[in-house]
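Please read the structure below before turning to the comments.
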Amino acid sequence: MPAIPSTQSLPISHSRSSYARPSTRRVCLVNHKALCFSLAITFLIGIHSVLRYARPDYAHFTSVSNVSAHFRWGAPDAPSNSTALGHEQRPGADARRANAVLLMLARNSELEGAMASVKELEERFNRHFGYPWLFLNEVPFSNEFKQQISSIVSGSVSFGLIPPEHWYQPDWIDEDKASASRAQMVADDVVYGGSVSYRNMCRFNSGFFYKHPLVQPYKWYWRVEPNVHFPCDIDYDPFVYMEDNNKVYGFTITPHEWPKTVTTLWSAVKEFIDVNPQYLAANNSMEYLSLDGGVNYNMCHFWSNFEIANMEFWRGEAYSEFFDHLESKGGFYYERWGDAPVHSIGASLFAPKDQIHFFDDIGYQHDPLQHCPRDNAVRRARNCTCMLYRSYDYRLESCLRRWEQVRLS
C-alpha cells in the first residue's frame, strides 16, 4: 500500500492558499450577481416612478386599488361617480327619447365596415333604445347596401343622396392653386394630402350635413363611421343626458391636428373674431385651443369621427357665419382643413365650456386611437373589452390633459 504523502510533500497547487482562491472567486461572483440584481431593481423602480409621474393612465393601471379590483382583493369598490352609472336605463316602448338620429356617411364599397360598426352599436346600445339610422352618400346607395343594413338595425333606417353643391369642389376654387397644394402635401407625406374626395368630406361635415333634407327634422345626432368599435355597453341614453344637462357637444378623443393641413386656418379664425366679437361665448374654451391667449393655435381638437351634438348649435347664427367665413377662404381645398378642427374651434369659442362634454364612460376605437373608460366600476359594469393601458387619453400627444385643466379652471 503506497504511503500517504504528508502535507509538506503536496504540490504547491494543493496548498491551503490555493484552496482560498476559488472561495474568493465565488464570493466575488455572488457579489457581482447581487450588484447586477440591485442595479436592475433600481432601474425598474426608476422607470416605474417616471412613468407614474408622466403617464397618469399607467399610474392608474398599476395602482394597488386597480390591481385589487381586477383580482377582487380587498373591499368592494365604492359607488362610482360616473355619469353612466347614475343614469342606467333599459327603456320600454313608452320611455322618453330625444329627437335624435344615428348618422353615418358611407360609400357602397364600405358595406362590410358599415355593417360591423352598426352591429356593434346596436348590440352595445341601440337595441335597447331604437333610435333611427340615417346613411348619406354622394352617389345612390346600392340595393345590396340598403338590404344588408336594413336587416341589422333595430329602428327605422333611411338612405339619402348628398346634393352635388354640398359635396363637390366649388367652381370658384382655383384648381391650379388647389392641385399645387395637394402635390406639395403628397411630397410632405401628409395623410390624405392628395385626396380631393377627403376634402369634399371635410367640407361637407363642417358645414352642410345638418342642412340635408333628411337630417333637418332632427335636433341631435351621433356620428358613426365604418370600421369603428364600441367595446363597452352603453345602457343610458347619451342624447337625453346631453339634453337634460344643457350640453351641445360631446367627444371621446382629443388629439393634435397636422400643422401642414391648417396653415392659415387660425388666421381666418382670428379675422372672424376681430370682426364678430359678439359671438364669443362667456366662459369659452379659448385656453384649450391656444397657449398664448389666442395668438397661435396649439392644434388641439376633438376627434370628430365620434361626436354627439346638438345640430341647432351648428345651425345657429354664430357657427353659420363662422363657416361661411371659412368657406370664403377656400382653405378646405387650398389646404386640407378638417371638420374636426373646424367643429372644435366653433364649439370651443361659441359655446360655454360647461356645454362641452367628455364621454369618459363610452368606450370607442377608431384605429389607430382608442378611448377606454378610466373608472374600474364602469369598465366592469359595462362589460368593456378594452384595455386601459391602450387608451389614448394621457399619451403625450393627447390634448385631454389640456381639456381637463381648462374645464376645471
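For the residue pair L349 and M286, the shortest heavy atom distance occurs at CD2-CE, 3.7 Å. Shortest non-hydrogen contact noted between L214 and G160 is CD1-CA, 3.6 Å. Closest of all the heavy-atom pairs between Y364 and P231 is N-CD, 3.6 Å. Here the closest heavy-atom approach between residue T264 and residue E335 is recorded as OG1-OE2, 2.5 Å. Nearest heavy atoms, G193 versus V186: C-CG2, 4.2 Å. The nearest pair of heavy atoms linking A340 to H301 is CB-CD2, 3.3 Å.
Classification of the H343-Y249 ring pair by plane angle, with boundaries at 30° and 60°, yields perpendicular. Below 30°, between 30° and 60°, or above 60°: for F209 and Y221 the angle between ring planes is above 60°, a perpendicular geometry. Note on ring orientation: taking the six-membered ring where Trp is involved, the planes of W266 and Y297 are parallel (angle under 30°, cut-offs 30° and 60°). Relative ring orientation between Y198 and Y192 is described as parallel, the plane-to-plane angle staying below 30° on a 0-90° scale split at 30° and 60°. Using a 30° and 60° split on the angle between ring planes, F302 and W403 fall in the perpendicular class, above 60°. Using a 30° and 60° split on the angle between ring planes, Y236 and F359 fall in the tilted class, from 30° to 60°.
Ring centroid separation for the pair Y319 and F350 does not come in under the 6.0 Å cut-off. A centroid separation of less than 6.0 Å is found between the aromatic rings of H357 and Y241. Taking the six-membered ring for Trp and the full ring otherwise, Y131 and W222 have centroids separated by 6.0 Å or more.
A donor and an acceptor atom, one from each side chain of T254 and Y288, are located under 3.5 Å apart. The closest side-chain donor-acceptor pair between Q405 and E287, if any, does not fall under 3.5 angstrom. Neither side chain, H256 nor E397, offers a donor N or O lying under 3.5 Å from an acceptor on the other. A donor and an acceptor atom, one from each side chain of Y333 and N200, are located under 3.5 Å apart. In the model, K353 has a side-chain atom that pairs as donor or acceptor with a side-chain atom of S409 under 3.5 Å. When only modelled atom types and interatomic distance are considered, N227 and E225 share no side-chain donor-acceptor pair under 3.5 Å.
Within the 3.5 Å criterion, the main-chain N or O of V228 finds a donor-acceptor partner in the side chain of S117. No donor-acceptor pair under 3.5 Å is formed between the side chain of S398 and the backbone N or O of Y394. Formation of a donor-acceptor pair under 3.5 Å by the R407 side chain with backbone atoms of D354 is not found in this model. Judged purely by atom type and a 3.5 angstrom limit, D375 uses its side chain to pair as donor or acceptor with the backbone of A377. Remark: the backbone N or O of N298 is not paired with any side-chain donor or acceptor of D292 at under 3.5 angstrom. Between the side chain of S290 and the backbone N or O of N296 there is at least one donor-acceptor pair closer than 3.5 Å. Between the side chain of E120 and the backbone N or O of F230 there is at least one donor-acceptor pair closer than 3.5 Å.
Under the 2.5 Å cut-off for SG-SG separation, C372 and C384 do not qualify: their sulfur atoms lie farther apart than that.
Within the 4.5 Å cutoff, no side-chain heavy atoms of F239 are placed close to those of K219. Contact check for W258 versus V191: side-chain heavy atoms found under the 4.5 Å cut-off. Counting only heavy atoms from C-beta outward, the side chains of E112 and Q148 never approach each other to under 4.5 Å. Side-chain contact between I152 and M115 is present, with at least one heavy-atom pair separated by less than 4.5 Å. Considering only heavy atoms from C-beta on, W133 comes within 4.5 Å of E122 through its side chain. Side-chain contact between R395 and D393 is absent, with no heavy atoms from C-beta onward closer than 4.5 Å. I234 has its side chain out of reach of F129: every pair of non-hydrogen atoms, C-beta onward, lies at least 4.5 Å apart. A heavy-atom distance below 4.5 Å is found between the side chains of R96 and D244.
Distance check, rounded to the nearest 0.5 Å: CD of Q370 to CZ of R390 gives 7.0 Å. One distance of note links CZ of F159 with CG of N143; it measures 10.0 Å at 0.5 Å rounding. Taken from CH2 in W220 to CG in L102, the straight-line distance is 14.0 Å, to the nearest 0.5 Å. Of the inter-residue distances, the one linking Q355 atom CD with S285 atom OG reads 10.0 Å to the nearest 0.5 angstrom. The CG atom of N99 sits 7.5 Å away from the CE atom of M311 when rounded to the nearest 0.5 Å. Once rounded to the nearest 0.5 Å, the distance linking OG1 of T261 with CG of D188 reads 11.5 Å.
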Legend entry - From CA spacing to verdict: salt bridge (Lys or Arg N to Asp or Glu O under 4.0 Å), R182, E175: CA-CA 10 Å; R182 294 195 299 271; E175 177 53 27; 2.6 Å; yes
Legend entry - R315/E312 under salt bridge (Lys or Arg N to Asp or Glu O under 4.0 Å): CA gap, chis, key distance, verdict: CA-CA 5 Å; R315 295 164 180 152; E312 295 306 311; 2.9 Å; yes
Inset, instruction - Test L400 against Y392 for side chain to side chain contact (heavy atoms under 4.5 Å, CB included), laying out the working first. - result: CA-CA 9 Å; L400 185 60; Y392 184 75; over 6 Å; no
Legend entry - Check against salt bridge (Lys or Arg N to Asp or Glu O under 4.0 Å), R127 and E123: CA-CA 6 Å; R127 65 191 177 100; E123 175 64 25; 3.5 Å; yes
Inset, instruction - Take M201 and F204 through the test side chain to side chain contact (heavy atoms under 4.5 Å, CB included) and record every step on the way to the result. - result: CA-CA 5 Å; M201 180 196 70; F204 174 75; 5.7 Å; no
Inset, instruction - Decide yes or no on side chain to side chain contact (heavy atoms under 4.5 Å, CB included) for N205 and S304, but give the supporting numbers first. - result: CA-CA 9 Å; N205 283 328; S304 59; over 6 Å; no
Legend entry - Test log, rule side chain to side chain contact (heavy atoms under 4.5 Å, CB included), inputs E271 and V269: CA-CA 5 Å; E271 185 179 288; V269 171; over 6 Å; no
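A cation-pi arrangement is not found for K146 relative to F141, the charged atom failing to lie both closer than 6.0 Å to the ring centre and inside a 45° cone about the ring normal.
Of the residues R203, R199, R223, the one that meets the salt bridge (charged side-chain N to carboxylate O under 4.0 Å, His left out) test with D339 is R223. None of Y279, Y210, F208 except one satisfies the ring-ring contact (aromatic ring centres under 6.0 Å, His included) rule with F323; the exception is F208.
Taking a 6.0 Å sphere around CD of E144, one finds it holds 12 or fewer heavy atoms contributed by other residues, nucleotides or ligands. More than 12 non-hydrogen atoms from other residues, nucleotides or ligands lie less than 6.0 angstrom from CG of N283.
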